[in-house]
Structures are given as C-alpha cells and as structure tokens.
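Contents: one structure, followed by commentary.
In the text below, chain A, chain B and the rest are named by the order of the sequence lines, each starting its count at 1. Just so you know, these numbers use all the heavy atoms, side chains as well, and skip hydrogens, waters and symmetry mates.
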Number of protein chains: 2
Amino acid sequence: MKKKAVINDSPVCQVRMQAISDTMSILSGKWKFHILGTLIEGSKLGFMDLLREIDGIGSKMLSKELQDLEMNHLVSRTVMDTKPITVEYAITEYGATLSPLINELAKWGIEYRQSIHGSKGV
Amino acid sequence: MKKKAVINDSPVCQVRMQAISDTMSILSGKWKFHILGTLIEGSKLGFMDLLREIDGIGSKMLSKELQDLEMNHLVSRTVMDTKPITVEYAITEYGATLSPLINELAKWGIEYRQSIHGSKGV
DNA sequence: GAAAGTACTTTCCAAAAGGAAACTACCCTA
DNA sequence: TAGGGTAGTTTCCTTTTGGAAAGTACTTTC
C-alpha cells in the first residue's frame, strides 16, 4: 500500500513555511510586538519611557529584547550627548515594514474579542 | 518636574495592545502556525498525515496543539466511523480568517531573507 | 497470532524563558 | 553629600516549553 502523497510539498510551500518560521523566530518572546507597537506609535523613546509605557515589563527583559531588535535592524539605539546621558530608541525604516503585520495581528485580536462576546459559541 | 506624558495611552492604543496580546496568546508556541498553515493548504488531514507533513513535530506536541486550536474553534476534529477509526482535522471557517495574518507573516519572512542576501548590511 | 496501522497519552527530563530584586555607574540638584 | 534620575547588568529562582521514548487501545491484514 503506497503512502499517499498528502499535500503540496512543492518548493513554494516549503519556502512559505520556512518564511513563517523565520519571522516568528525574529519576533519571538512575550514582548517584541509590544515594544515594536509602542515605538511605531510614539517614535523616539528613552529606556525609562519604554519601561513606563509597556505595562508589566522589567528592565532585564526590556534591555534584552531591545538588543535583539537592534541586532535585527528593527529598532535603532542612539546615545545622545545630553548631560545625564540619554538614549533614544526608535523604529527603523526597516522595522516599519512590520506595520502591516502588526495591524493584522491587532485587527484579528479585536475581531476575536467581538466574536467571543457577540456569539452563542461561534 | 512633571513627568512627560509620553505617548498615546488613549483607549484605542490600549485596546490595540491588548488585541495583539490576545492574538499572540492564542497562537503561541512553536507549532501553531505550522499546523494552521498546513491545514489551510491541504484541508482534511489525519493525525498521522500531520505528523508526517510537519517536519520535526512529535505526537505529544501535535496532540496538544491541536487541542488548543480546537478549543479556540480554529480547527475542527471529526471522528470518522471508518474501520480503523480515523480522525479528520480541518481548518474551520473561523480559522480561515487567519489567512491574511499568515500571509503577512510569510510575506515578511520572504522579504527578510531577500534583504539579508541582497544588501550590504541593511 | 504477530505485525502494522490508526490515534493518541503518559512519563521523564532538559532547556529556554521570564521575573524580582539588587547592584553598577554616572550625573545633576538641593 | 544625600537623593533622585539616567541606563542598564547581574544573580537567583520559578515557570513554561518542548522533545524522546514508551505505553495504551483497538483493528485489519498477513
């Protein structure tokens, strides 16, 4: 009995799956989308600003996630030579290409909430 | 010295952030997007089919993730009364509303790969 | 009646993720 | 010179995640 050739294991599909894995590995963790979302809304924020803006995050996580995002060129880090030195974090032009994705994420989440409340068991 | 009112903590923004958290918590884990992506491509697959299709997943994870997705009405599970009983997993109509999101995810990942190869350091 | 296929579940373990609190280091103001 | 603000880092700990392997249960085929 031959094993049925289930679906599409064509290159396009494998590339697609790989692409999804790539995106998710770059944006993994509990806080990446929050940080990016915050920086997309209010460009140029300091470390303490982000710590205050993003509800629940601690300095360790914020620091680590910002480093990840910077490494992937999604956010920029600029040390200003103000007197108590400050650092400006901002979304890069490249990071801004995530806007459509983040919008889809938000849109789906909003519709999800509505579907829970507005229906009798989906 | 008054604390600067950093950005938009208007209800819309909080709702948006909450929505992103909701979506991500439903789609958390290493395999959800793979499973959904696979079921969107080839509707109606058995447990063993999925196990073979999704490279690297084990039966424990597949089982657990399918239960999660079923609980959230994103996939359906139908026990067929064939002789060695088989189970058909399929994406629900509701689960299909994730297609645009998954497409964005894939699209961004593909462009990401291109940006790595095609540029001199972004 | 043994093997193999369906669909899982259970156990046991290792690694990764994440959080609280304390600590560094530097500067300014009072 | 003590307190408070900047921007983090370090330590220690718990929780979560995920994987390998074996087990369950039932059926059909050889």
Side-chain angles (χ1 to χ4, degrees), chain A residues 1-6 17 20-21 24-36 38-39 42 44-72 75-90, chain B residues 1-6 17 20-21 24-36 38-39 42 44-72 75-90:
Chain A
M1 188 189 295
K2 76 163 180 286
K3 188 174 293 184
K4 64 179 158 179
V6 185
M17 287 302 166
I20 291 171
S21 293
M24 290 317 293
S25 79
I26 288 166
L27 302 176
S28 66
K30 194 173 169 181
W31 299 109
K32 297 256 172 44
F33 284 111
H34 283 91
I35 296 172
L36 290 168
T38 305
L39 287 173
K44 295 199 184 306
L45 295 171
F47 187 85
M48 296 308 282
D49 294 333
L50 285 166
L51 210 49
R52 280 185 290 259
E53 277 303 309
I54 301 171
D55 197 47
I57 200 172
S59 53
K60 189 186 87 170
M61 276 299 117
L62 180 56
S63 172
K64 193 216 136 219
E65 297 294 62
L66 283 169
Q67 279 171 27
D68 283 4
L69 293 171
E70 199 196 343
M71 253 188 295
N72 286 308
V75 315
S76 63
R77 178 181 183 275
T78 314
V79 179
M80 309 304 284
D81 75 346
T82 49
K83 275 355 267 298
I85 65 148
T86 51
V87 176
E88 275 183 5
Y89 289 96
Chain B
M1 189 187 296
K2 76 162 180 285
K3 188 175 293 185
K4 64 179 156 177
V6 184
M17 286 302 166
I20 291 171
S21 293
M24 290 317 293
S25 78
I26 289 166
L27 302 176
S28 65
K30 194 175 170 181
W31 300 108
K32 296 258 174 38
F33 284 112
H34 282 91
I35 295 172
L36 290 168
T38 305
L39 287 173
K44 296 199 183 308
L45 295 171
F47 188 86
M48 296 309 281
D49 293 333
L50 286 165
L51 210 50
R52 279 186 290 260
E53 275 304 308
I54 301 169
D55 197 46
I57 201 172
S59 52
K60 189 187 87 171
M61 276 300 117
L62 180 56
S63 173
K64 194 216 136 219
E65 298 294 62
L66 283 170
Q67 281 170 27
D68 283 4
L69 294 171
E70 200 195 341
M71 252 186 297
N72 286 307
V75 314
S76 64
R77 178 182 184 274
T78 313
V79 178
M80 309 305 283
D81 75 346
T82 49
K83 272 358 264 298
I85 65 147
T86 51
V87 176
E88 275 183 6
Y89 290 97

Would you tell me if any nitrogen or oxygen in the side chain of B/Lys83 comes within less than 4.0 Å of OP1 or OP2 on D/dT28?
yes

Under 4.0 Å protein heavy-atom contact, by nucleotide of nucleotides 3-22 of chain D - B base, S sugar-phosphate only:
---SSBBBB------BBB--

State, with a plain yes or no, whether a side-chain heavy atom of [X] is found less than 4.5 Å away from one of [Y].
X       : Y       : result
B/Phe47 : B/Ser63 : yes
B/Leu50 : B/Leu66 : yes
B/Phe33 : B/Leu27 : yes

Separation of atom [atom1] in [X] from atom [atom2] in [N], rounded to whole Å:
X       : N      : atom1 : atom2 : answer
B/Leu45 : C/dC8  : CG    : P     : 13 Å
A/Met24 : C/dA16 : CE    : C1'   : 16 Å
B/Leu50 : C/dA7  : CG    : P     : 9 Å
B/Leu51 : C/dT9  : CG    : P     : 13 Å
B/Asp68 : C/dC8  : CG    : C1'   : 15 Å
A/Asp81 : C/dC28 : CG    : P     : 12 Å

Determine, step by step, whether B/Leu39 and B/Leu69 satisfy the side chain to side chain contact (heavy atoms under 4.5 Å, CB included) criterion, reporting the C-alpha distance in whole Å, the side-chain angles of both residues, the deciding distance to 0.1 Å, and the verdict.
CA-CA 12 Å; B/Leu39 287 173; B/Leu69 294 171; 5.8 Å; no

Results of side-chain hydrogen bond (donor to acceptor under 3.5 Å, both in side chains) for B/Thr82 - residues two or more places apart only:
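For B/Thr82 the side-chain hydrogen bond (donor to acceptor under 3.5 Å, both in side chains) partners, ignoring immediate neighbours, are B/Thr86.
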
So, using salt bridge (charged side-chain N to carboxylate O under 4.0 Å, His left out) as the criterion, who are the partners of B/Glu88 when residues are at least two apart?
B/Lys44

